[in-house]
Amino acid sequence: MNEKISKMLCKRDDTLLACMRVINTNAKGIVFVIDEERKLCGVVTDGDIRRALLEGKDLQLKVGEILKNNYVYADYDESETEMLNKFNGKINIIPLVNERMEVQDFLECAASIRIPVAKPELSGNEFKYAVEALLSTWISSNGKYIPEFEKKFAEYCETEYGVAVSNGTVALHLALVALGIGKDDEVIVPDLTFAATINSVLQANATPVIVDVEQDSWCIDPNEIEKAITPKTKAIMPVHIYGQPCDMDKIMAIAKKYNLYVIEDCAEAHGAKYNGKKVGSFGDVGCFSFFANKVITTGEGGMCTTKSEFLAEKMRILRDHGMSKSKKYYHEVVGYNYRMTNIQAAIGLAQLERIDALLLQRELLEDMYNEELSEIKSVVLQSRNIDKRYKINWLISILVQPEKRDFTIEILRGDGIEARPFFYPLSKMDIYKKYTFSNKNSLEISKCGLNLPTSVDMKKESVIKIKKVMQQIF
Ligand SMILES: *Cc1c(COP(=O)(O)O)cnc(C)c1O
């Protein structure tokens, strides 16, 4: 028997004091109790001993006297999932026994989170293509996967051109620069979004103008956009937040009326549709992210989509140090290195092959959540099927009473379930608040919102478990 295990064991007729000494040396807060034949017969935690003493028991009492028979252990015949399911917020060490009930080892739940909010799904050709990219030795930003990924992604988005870049934030910045937006220009952004949206505007030296969102969709409010327009306004940056498409009919009509550019932030909405048409195909440029928690991933990565050959070409030049396409090492504009690598594109292509299946699985998960959580009256689920919008599921998003939101997240975490609060409204952060034009719904939504685990391999049991935890709170 190894030393690690021997430090975890006590005999049934050892005293409570002796057990406490063992716990003190193993620093795990628990001992496994064995009988004369070395078979496991129970576990005792430091809490159990404390409670025994408080009940007036003596330190010389034999530990066998306080053993309960409903302790948890695992054996080698169980699957990993069965073993993992034995952990909960309270139990985080489990003895592992052989067929004679002898303790061989123990399982420890090191990271207390077992159901993460998101995790990438890489079970298709990701590995194969990435290895092919490596074997080809084209590991930087030349190689066959980049143009192929760009072409197929543009097709998927029902538009003409794709320009692959290093991440979603630089996709936004590249679009702004390619459209000539900079100093003295204003760009309208929603209050409820991830900070990359507004950061890209500031990085382009333009002035962001923050406007409120719609109450039902949580997306930028077209009426607020129109009110915020000034002679300096050059562009609107609608964000399809948490997979929900913005009201593109109204936004495109406003853009036309006032002669403004539209840059869609599609980082959370791959495959979402408005009026049957994919997001990223409405505006002058659509910007996507392939960060690890997004609908499809390349690790880090992003893409600009556009119908304009001119813009695509301009973005390609800016992406590659502003270098002339015809005259090598002659620079026409001050550019950037925003390129994606061939290895990333290889992974992206494999992800794209399965995007519809992945989205479908996410939708089934949404169905499960809707079915279970609709039993809890005070939980509001993200709206589906608002007028012409077909949303996709990036992260399952719900609203609860604001005073219970953070508590809910904590309780879920105690049960190994990761949940996270919505983004802070931009207008509530010191560095951005001076750009606020309007906010109201955004404040309310942000205070009440949380995202629940949304990995495609999630089981119904996990959703039911989440419901049960939430039922206790509400
Ligand atoms: C993730 C995200 C981005 C930025 O993407 P990165 O690839 O992480 O740079 C931009 N906008 C929104 C709304 C996002 O959610």
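Treat the numbers as computed from the prediction; the structure is a model and nothing was measured. Values below: all heavy atoms of this structure, side chains included; hydrogens, waters and symmetry mates excluded.
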Exercise. Within the distance-only criterion (no hydrogens, no angle test), does the side chain of D185 pair as donor or acceptor with the backbone N or O of A206 below 3.5 angstrom?
Worked result: no

Problem set entry | Neighbour count >12 (heavy atoms, 6.0 Å) for atom NZ, K307 | yes

Exercise. Is E309 atom CD crowded by more than 12 heavy atoms from other residues, nucleotides or ligands, each under 6.0 Å away?
Worked result: no

Problem set entry | Any donor-acceptor pair under 3.5 Å from N393 side chain to E366 backbone | no

Exercise. To the nearest 0.5 Å, what is the distance between OG1 (T297) and CD (Q344)?
Worked result: 9.0 Å

Exercise. Below 4.0 angstrom, N of the basic side chain to O of the carboxylate: do D320 and R339 qualify?
Worked result: yes

Exercise. Sub-3.5 Å donor-acceptor pair from the side chain of E418 to the main-chain atoms of V117, do we have one?
Worked result: yes

For this session: Identify whether the distance between the nearest side-chain nitrogen and carboxylate oxygen of E224 and K440 falls below 4.0 Å.
Result: no

For this session: Find the distance between NZ (K467) and CD (E375) and round it off to the nearest 0.5 Å.
Result: 4.0 Å

Exercise. Do the side chain of S446 and the main chain of L443 share a donor and acceptor less than 3.5 angstrom apart?
Worked result: no

Exercise. Got a sec: does the CZ of F423 have more than 12 other heavy atoms crowding it under 6.0 Å?
Worked result: yes

Exercise. Between the main-chain N or O of A164 and the side-chain N or O of R319, is there a donor-acceptor pair closer than 3.5 Å?
Worked result: yes

Seminar exercise, completed: Taken to the nearest 0.5 Å, the spacing of S438 OG from I210 CD1 works out to 9.5 Å

Problem set entry | Exercise: do Y129 and E353 side chains pair donor with acceptor under 3.5 Å | yes

Exercise. Thinking salt bridges, do E372 and K460 make one under a 4.0 Å N-O criterion?
Worked result: yes

For this session: Look only at the side chain of W394 and the backbone of T454, and say whether a donor-acceptor pair between them is shorter than 3.5 Å.
Result: no

For this session: Kindly indicate, with the supporting measurements, whether the criterion side-chain contact (heavy atoms from CB on, under 4.5 Å) is fulfilled by M458 and V463.
Result: CA-CA 8 Å; M458 259 181 84; V463 177; 4.0 Å; yes

Problem set entry | Other residues, nucleotides, ligands: >12 heavy atoms within 6.0 Å of Q215 CD | no

For this session: Would you mind reporting whether Y145 and T341 have side-chain heavy atoms less than 4.5 Å apart?
Result: no

Problem set entry | S281 side chain vs K278 backbone, donor-acceptor pair below 3.5 Å | yes

Exercise. In terms of side-chain heavy atoms, does H173 have a donor or acceptor partner in Y338 at a distance below 3.5 Å?
Worked result: yes

Problem set entry | Pair Y258, E226: side-chain N/O donor-acceptor within cut-off below 3.5 Å | yes

For this session: Quick one: pull up CD1 in I146 and CD in E150 and give me the separation to the nearest 0.5 Å.
Result: 7.0 Å

For this session: Give a yes or no answer on whether the side chain of D284 reaches the backbone of V262 with a donor-acceptor pair at less than 3.5 Å.
Result: yes

Exercise. Within 45 degrees of the axis of the six-membered ring of F282 and under 6.0 Å from its centre: does K277 put its NZ or CZ there?
Worked result: yes

Exercise. Is it true that K325 and E313 make a salt bridge, defined as a side-chain N closer than 4.0 Å to a carboxylate O?
Worked result: no

For this session: Carefully, step by step, assess V189 and V239 under the rule side-chain contact (heavy atoms from CB on, under 4.5 Å).
Result: CA-CA 8 Å; V189 299; V239 180; over 6 Å; no

For this session: Flag yes if more than 12 heavy atoms outside I317 fall under 6.0 Å of its CD1 atom; otherwise flag no.
Result: yes

Problem set entry | Lys/Arg N to Asp/Glu carboxylate O, K151 vs E155, below 4.0 Å | yes

Problem set entry | side-chain contact (heavy atoms from CB on, under 4.5 Å) between K119 and D457, worked out | CA-CA 9 Å; K119 76 171 187 236; D457 63 349; 3.0 Å; yes

Exercise. Under 3.5 Å, side chain of T305 to main-chain N/O of G280, donor-acceptor pair present?
Worked result: yes

Exercise. Going from CD1 on I347 to CD1 on I296, what distance comes out if it is rounded to the nearest 0.5 angstrom?
Worked result: 11.5 Å

For this session: Identify whether the distance between the nearest side-chain nitrogen and carboxylate oxygen of E214 and R389 falls below 4.0 Å.
Result: yes

Problem set entry | Residues, nucleotides or ligands: over 12 heavy atoms within 6.0 Å of N259 CG | no

Exercise. Is the number of heavy atoms from other residues, nucleotides or ligands under 6.0 Å of Y76 OH greater than 12?
Worked result: yes

Exercise. Are Y432 and D191 close enough that a side-chain donor and a side-chain acceptor fall under 3.5 Å?
Worked result: no

Seminar exercise, completed: Rounding to 0.5 Å, atoms CG (N275) and CG (D247) come to a distance of 10.0 Å

For this session: Evaluate the ring planes of F290 and H270, with Trp represented by its six-membered ring, and classify them as parallel (under 30°), tilted (30 to 60°) or perpendicular (over 60°).
Result: tilted

Exercise. For atom NZ of K377, is the number of surrounding heavy atoms from other residues, nucleotides or ligands below 6.0 Å larger than 12?
Worked result: no

Exercise. Looking only at atom types and distance, does a side-chain atom of Q382 sit under 3.5 Å from a main-chain N or O of Y242, one as donor and one as acceptor?
Worked result: yes

Exercise. Honestly, is K227 close enough over F437, meaning NZ or CZ under 6.0 Å from the six-membered ring centre and within 45° of the axis?
Worked result: no

Problem set entry | Stepwise salt bridge (Lys or Arg N to Asp or Glu O under 4.0 Å) test for R354 and E126 | CA-CA 10 Å; R354 294 182 301 133; E126 288 79 3; 2.6 Å; yes

